[in-house]
Amino acid sequence: MGYKFATKAIHAGQHADPTTGAVMTPIYQTSTYQQAAPGDHKGYEYSRGTNPTRKALEDCLAALENGTYGLAFSSGMAATETVLKLLKPGDEVITGDDLYGGSYRIFTNVFEHYGIKFHFVNTSDPERIAERISSATRLIWVETPTNPTLKLADIEAIGKVAKEAGVLFAVDNTFASPYLQNPLDLGADIVMHSVTKYIGGHSDVVMGALVVNDRELYDRLFFYYNACGGTPGPQDSFLVLRGIKTLHLRMRAHCENGRKVAEYLKNHPRVEKIYWPGFEDHPGHNIAKKQMRDFGGMVSIVLRGASLEDTFKVAASFKVFTLAESLGGVESLINHPATMTHGSIPREVREKVGVVDNLIRISVGVEDIEDLLADLEQALG
Ligand SMILES: Cc1ncc(COP(=O)(O)O)c(C=O)c1O
């Protein structure tokens with residue numbers, strides 16, 4: 001479909017219901033489908049593998065990422081796991097040294113046990129990836145911007161490295177959302193999302209997704225999707241389809257509020273360090289400008305001279321922001337990565353990349369900016 005983003009967000013994959021004319025895709029709350037004779041069906045056999053509500057969502061997700069095939073999963077981690085199942089013992093993966101804690105955990109505590117080796121490098125420098133490639137490398141897995149220190153990786157440059165080496169290249173696009181960044185256009189083979197975040201947008205669904213262009217790769221991923229069964233139900237698929245209809249509007253508001261929060265915090269006396277890719281002195285600013293349409297609604301700060309106890313006190317003193325895991329919903333959230341989202345990463349590993357005890361991650365929501373700034377002022381004060 002050659003339409004622009006907002007049109008795709010509202011219409012892609014969705015058609016008026018042929019039997020009733022219902023404009024919104026129905027919730028096909030069914031596990032199975034009638035067959036006229038064995039094998040004679042309408043394209044749907046059993047809902048672990050295919051369901052019409054989920055199919056509409058998958059087609060919409062594929063369209064938003066300028067891809068051909070979408071697959072929805074019951075969580076972002078189920079999507080990640082499915083990519084890793086393409087690998088065999090002895091295979092190697094090159095990935096970032098600053099990743100969502102759950103991704104680090106599934107790499108080291110699950111798939112290393114199956115004989116897969118992970119190399120954690122600074123993915124802001126494509127050279128660090130190139131020098132790690134060996135005959136055993138099968139996958140490059142990159143998060144950009146990273147969670148939680150918002151480091152940028154140059155997708156186009158890494159895509160070239162991957163192509164030259166004949167290695168699969170996957171991008172976790174959760175922090176950017178398809179509104180801000182489309183990795184397949186820049187040379188990635190697989191784009192992954194925690195749909196739970198910006199795509200769902202209302203903190204009421206846990207879901208993941210993969211989008212690809214290559215038919216053979218899609219078939220291999222679909223095999224594990226269906227064989228292992230980490231697929232979401234129709235209710236959740238409907239809720240996400242509904243959420244996506246305002247993705248472009250929400251993302252514009254997240255970016256606008258994110259900019260104002262970042263600018264407010266930059267010179268705040270309680271803030272020692274701030275991570276937000278929109279600042280010209282952010283090391284990934286030029287890459288962000290090149291590959292993203294705006295800088296997003298995620299901001300992380302290090303509190304000046306704060307102990308763990310001081311940081312906890314600040315984190316618990318917000319009135320509009322909510323202290324909670326997750327991000328990307330319409331409501332503003334505060335997170336303490338060291339003990340919450342990144343608690344599964346050993347201290348010495350996380351501190352090396354800046355996930356220190358006095359780091360706070362802020363998911364800037366779409367409330368009135370005056371209320372958000374006033375809440376920051378009182379909490380930091
Ligand atoms: C960047 C990133 N990737 C993957 C995930 C995992 O997604 P889910 O929580 O939907 O399983 C998260 C969740 O926080 C995330 O922030």
Side-chain angles (χ1 to χ4, degrees), residues 57 61 65 70-84 93 95-111 118 120 123 141-153 155 170-178 180-181 183 188 190-211 225 228 230-233 236-237 239-240 243-244 254 275 277 292 296-300 322-329 331 333-345 350 353 355 359-364:
L57 170 64
L61 289 168
E65 280 293 4
L71 289 167
F73 294 85
S74 54
S75 69
M77 292 322 301
T80 301
E81 182 199 20
T82 302
V83 175
L84 296 171
V93 179
T95 188
D97 58 8
D98 178 30
L99 285 174
Y100 166 57
S103 303
Y104 179 84
R105 179 175 56 195
I106 200 172
F107 293 167
T108 56
N109 290 359
V110 181
F111 280 89
F118 293 85
F120 297 93
T123 46
W141 180 280
V142 164
E143 209 175 280
T144 182
T146 60
N147 179 0
T149 61
L150 301 160
K151 284 200 316 209
L152 271 288
I155 300 173
V171 175
D172 179 340
N173 202 25
T174 300
F175 261 43
S177 89
L180 294 182
Q181 177 173 279
I190 302 173
V191 55
M192 175 266 165
H193 279 283
S194 169
V195 171
T196 318
K197 311 299 184 321
Y198 286 110
I199 294 178
H202 296 76
S203 303
D204 50 11
V205 173
V206 173
M207 192 185 285
L210 300 175
V211 179
Y225 160 103
C228 302
T231 52
D236 283 357
S237 301
L239 281 172
V240 173
I244 286 176
H254 282 297
Y275 301 98
M292 295 173 70
M298 298 302 298
V299 181
S300 293
T322 304
L323 177 62
E325 303 235 359
S326 204
L327 61 108
E331 70 294 316
L333 298 181
I334 292 285
N335 171 58
H336 182 248
T339 57
M340 294 167 71
T341 46
H342 293 65
S344 55
I345 304 179
R350 65 172 166 78
V353 291
V355 186
L359 178 79
I360 282 184
R361 190 189 76 185
I362 305 170
S363 173
V364 183

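Numbers here are sequence positions counted from 1. In this text the structure is predicted, and so the values were computed from the model without any measurement. Numbering of ligands and ligand atoms starts at 1, following listing order.
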### Query
Quick one: does ligand 1 sit under 4.0 Å from the side chain of K197, the backbone, both or neither, non-hydrogen atoms only?
side chain

### Query
Shortest non-hydrogen contact from S326 to K197?
OG-CE, 3.2 Å

### Task
Check whether the side chains of N173 and E65 place a donor and an acceptor atom closer than 3.5 Å, and report yes or no.
yes

### Query
To the nearest 0.5 Å, what is the distance between CG (L84) and CZ (F118)?
5.0 Å

### Message
Using a 4.0 Å cutoff against the non-hydrogen atoms of M207, which atoms of ligand 1 qualify?
### Response
10 (O)

### Query
Looking only at protein heavy atoms, which one is nearest to atom 16 (O) of ligand 1, and how far off is it?
N147 ND2, 3.1 Å

### Query
Do you know which two heavy atoms are closest between G328 and H254, and how far apart they sit?
O-NE2, 3.9 Å

### Query
By number and element, which atoms of ligand 1 are closer than 4.0 Å to a non-hydrogen atom of D172?
1 (C), 2 (C), 3 (N), 4 (C)

### Query
For E331 and H202, does a side-chain donor sit closer than 3.5 Å to a side-chain acceptor?
no

### Query
For T196 and ligand 1, does the shortest N/O to N/O distance drop below 3.5 Å?
yes

### Message
Between ligand 1 and G76, is the shortest N or O to N or O distance under 3.5 Å?
### Response
yes

### Query
What is the nearest protein non-hydrogen atom to atom 15 (C) of ligand 1, stated with its residue, atom name and distance?
Y100 CG, 3.6 Å

### Task
For atom 7 (O) of ligand 1, grab the closest protein heavy atom and report residue, atom and distance to one decimal in Å.
S194 OG, 3.0 Å

### Query
Can K151 and D97 be counted as an ion pair, charged N to O under 4.0 angstrom?
yes

### Message
Below the 3.5 angstrom mark, is there an N/O of L327, backbone or side chain, next to an N/O of ligand 1?
### Response
no

### Query
Which heavy atom in A153 sits nearest to a heavy atom in V142, and how many Å separate them?
CB-CG1, 3.5 Å

